[in-house]
Amino acid sequence: MSEHSIAGKKVAFLLTDGVEQVELTSPWQAVKDAGGEPTLIAPKSGKLQGYDGTEKGDTFDVDLTVADANASDFDALVLPGGVVNADHLRVDMDAQSFTRSFFEQHKPVASICHGPWLLIEAGVIRGRNVTSYFTLETDLKNAGANWTDQEVVVDQGLVTSRNPDDLPAFNSKLIEEISEGQHAGQTA
């Protein structure tokens with residue numbers, strides 16, 4: 001159990017087919033264990049296909065489509081990785097708008113592995129301290145981010161990590177930032 005309680009806090013998890021399964025399930029469980037209420041949001045309704053690397057994993061039920069979701073109904077946003085998931089989300093205009101809204105409302109956002117691709121397209125990464133899967137380093141730097149190769153980087157409510165090995169640190173900081181609430185420096 002986390003040392004921080006986020007009882008009653010609603011946390012949006014934005015993803016689509018191709019999500020790296022453990023980058024969804026581990027933070028999801030951390031949110032539940034800390035008393036939070038996770039909601040799976042996706043571009044389409046129905047079920048999504050998770051992956052363990054390149055192998056198909058479990059399917060997950062979508063709670064709400066991103067077109068019908070409103071950031072004001074949530075306290076935080078989690079962007080799991082997976083190259084296919086992140087590549088599809090970053091070109092989805094509703095996903096971009098939904099993500100940008102969390103920054104405009106100064107709410108915590110946590111993104112792991114390839115998830116930060118969406119932050120680039122949402123226009124919220126310039127000047128921010130981040131990490132990611134190593135192959136995104138150039139993309140993030142070109143978008144104006146300050147990229148470092150660290151287990152977890154926290155910048156004014158924005159939590160980023162590199163890969164599934166970093167999940168314990170990622171989950172801990174995710175819960176901590178949610179428990180702290182809005183961050184004035186978390187802006188679009």
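Predicted, not measured: the structure shown is a model, and the values here were computed from it. Positions are given from 1, in the same order as the sequence printed here.
- A donor-acceptor pair is defined here as one N or O able to donate and one able to accept, closer than 3.5 Å; no such pair exists between the side chain of His114 and the backbone of Ala86.
- Although no hydrogens or angles enter the test, the distance criterion places a donor-acceptor pair under 3.5 Å between the side chain of Gln21 and the main chain of Asp58.
- With hydrogens and angles ignored, the 3.5 Å screen pairs no side-chain donor or acceptor of Asp94 with any backbone N or O of Val66.
- The closest donor-acceptor contact from the side chain of Thr99 to the backbone of Ala95 lies under 3.5 Å.
- For the residue pair Ser26 / Asn171, a side-chain donor-acceptor distance below 3.5 Å is found, with atom types taken as modelled.
- Between Glu177 and Lys173, no side-chain nitrogen of the basic residue sits less than 4.0 Å from a carboxylate oxygen of the acidic one, so the salt-bridge criterion is not met.
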_Step-by-step side chain to side chain donor-acceptor pair (under 3.5 Å) determination, Thr65 to Asp68_ = CA-CA 5 Å; Thr65 65; Asp68 293 330; 3.0 Å; yes
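- In this structure, Val78 and Val11 have side chains that are in contact, with non-hydrogen atoms separated by less than 4.5 Å.
- Between the side chain of Asp75 and the backbone N or O of Lys10, at least one donor-acceptor pair lies under 3.5 Å.
- Legend: salt bridge (charged side-chain N to carboxylate O under 4.0 Å, His left out) pairs involving residues 113-130, not counting sequence neighbours, sorted by first then second residue: Arg128-Asp155.
- Looking at residues two or more places apart in sequence or on another chain, you find a side-chain hydrogen bond (donor to acceptor under 3.5 Å, both in side chains) between Asp87 and Arg90.
- Under the 3.5 Å distance criterion, the side-chain polar atoms of Asn163 are left unmatched by any main-chain donor or acceptor of Tyr133.
- Qualifying side chain to side chain contact (heavy atoms under 4.5 Å, CB included) partners for Asn70, counting only residues two or more places apart in sequence or in other chains: Ser72, Asp73.
- A donor-acceptor distance shorter than 3.5 angstrom exists from the side chain of Thr160 to the backbone of Thr131, with no hydrogens or angles considered.
- In this structure the side chain of Cys113 never reaches within 4.5 angstrom of the side chain of Arg162, judged on heavy atoms.
- Glu20 places a side-chain N or O within donor-acceptor distance of the main-chain N or O of Gly53, the cut-off being under 3.5 Å.
- At distances below 3.5 Å, at least one donor-acceptor pair connects side-chain atoms of His183 with backbone N or O atoms of Gly181.
- Not a single donor-acceptor pair under 3.5 Å links the side chain of Glu151 to the backbone N or O of Ala169.
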